Novice: 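Before I ask anything, let me first share the structure, which is written out below as C-alpha cells.
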Amino acid sequence: MKKIVIASIATLALATASMAAVNGKACTSCHGADWSKKALGKSKNVAEMTHAEIATALKGYKAGTYGGPMKGLMKGQVGKYSDADLDAFAQTIGK
C-alpha cells in the first residue's frame, strides 16, 4: 500500500510539472508563429526582444506591473505560471 501511495504522489507531481509548462501555441495566435506580429497591433514585436526583456515582461504582466492596453489580457494569460516557468519559456523565444 505504501508503494502505491508513493507512486501516486510521484505521478501527480510529474503531471503537475508537465501542466505548468507554458503553452506557446496559445501565444502564437496573437504574436504570430514566428513571434514577429504585434499582438492586436499594440504590443512590441517579441521576435526583436531579448530573452531577458521577454522574461521581465511576462513576470511583470503576471504581477500587474508591466504593460499598456493589453495588461489585463496578458495577466490572465500568464498568471497561472510560476516565475520559473516564465523564465524558461522566455529562453525559447526572442533573441
Side-chain angles (χ1 to χ4, degrees):
M1 180 68 173
K2 185 176 179 182
K3 289 181 182 181
I4 292 172
V5 171
I6 291 172
S8 296
I9 291 170
T11 301
L12 179 61
L14 288 173
T16 301
S18 67
M19 288 187 299
V22 176
N23 178 7
K25 289 182 182 180
C27 307
T28 60
S29 62
C30 292
H31 291 282
D34 63 354
W35 307 100
S36 64
K37 182 178 167 186
K38 290 186 174 190
L40 303 174
K42 298 179 182 185
S43 74
K44 292 181 179 180
N45 182 334
V46 177
E48 295 177 358
M49 296 172 70
T50 66
H51 301 300
E53 289 171 327
I54 295 167
T56 298
L58 292 173
K59 291 186 281 184
Y61 279 127
K62 179 181 171 186
T65 59
Y66 181 90
M70 304 313 294
K71 186 177 189 174
L73 175 76
M74 284 299 297
K75 183 172 183 168
Q77 295 298 313
V78 299
K80 60 188 168 190
Y81 300 112
S82 71
D83 285 355
D85 290 334
L86 297 174
D87 280 329
F89 180 64
Q91 294 301 312
T92 68
I93 57 178
K95 55 183 182 175

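What you see below is based on every heavy atom in this structure, not just the backbone, and it leaves out hydrogens, waters and symmetry mates. Here the structure is a predicted model, which means the values were calculated and not measured.
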Novice: So, applying side-chain contact (heavy atoms from CB on, under 4.5 Å) with F89, which one of L86, D85, T92, D87 is it?
Specialist: T92
Novice: Can you tell me how far apart CD1 (I93) and CG (D34) are? Round to the nearest 0.5 Å.
Specialist: 11.5 Å
Novice: Measure the spacing between CD1 of I54 and NZ of K59 and express it to the nearest 0.5 Å.
Specialist: 12.0 Å
Novice: So how far is it from K42 NZ to C30 SG, rounded to the nearest 0.5 Å?
Specialist: 11.5 Å
Novice: Let me confirm one number: the OG1-NZ distance from T65 to K75, rounded to the nearest 0.5 Å.
Specialist: 9.0 Å
Novice: Might you confirm whether atom NZ of K38 has over 12 heavy atoms from other residues, nucleotides or ligands at distances under 6.0 Å?
Specialist: no
Novice: How far does CE of M74 sit from CG of L58, to the nearest 0.5 angstrom?
Specialist: 5.5 Å
Novice: Measure the spacing between NZ of K37 and OG of S29 and express it to the nearest 0.5 Å.
Specialist: 7.5 Å
Novice: Would you name the heavy atoms of M49 and K44 that are closest together and state the gap between them?
Specialist: SD-CB, 4.0 Å
Novice: Determine, stepwise, if the pair T28 / W35 fulfils side-chain contact (heavy atoms from CB on, under 4.5 Å).
Specialist: CA-CA 7 Å; T28 60; W35 307 100; 3.9 Å; yes
Novice: Any idea which heavy atoms bring A55 and A90 closest together, and the distance?
Specialist: N-CB, 3.5 Å
Novice: Work out which heavy atom in E48 is nearest to a heavy atom in E53; give both atom names and the distance.
Specialist: O-OE1, 4.4 Å
Novice: Specify the closest pair of heavy atoms between Y66 and K71, including all atoms of both residues, with the distance to one decimal.
Specialist: O-CG, 3.3 Å
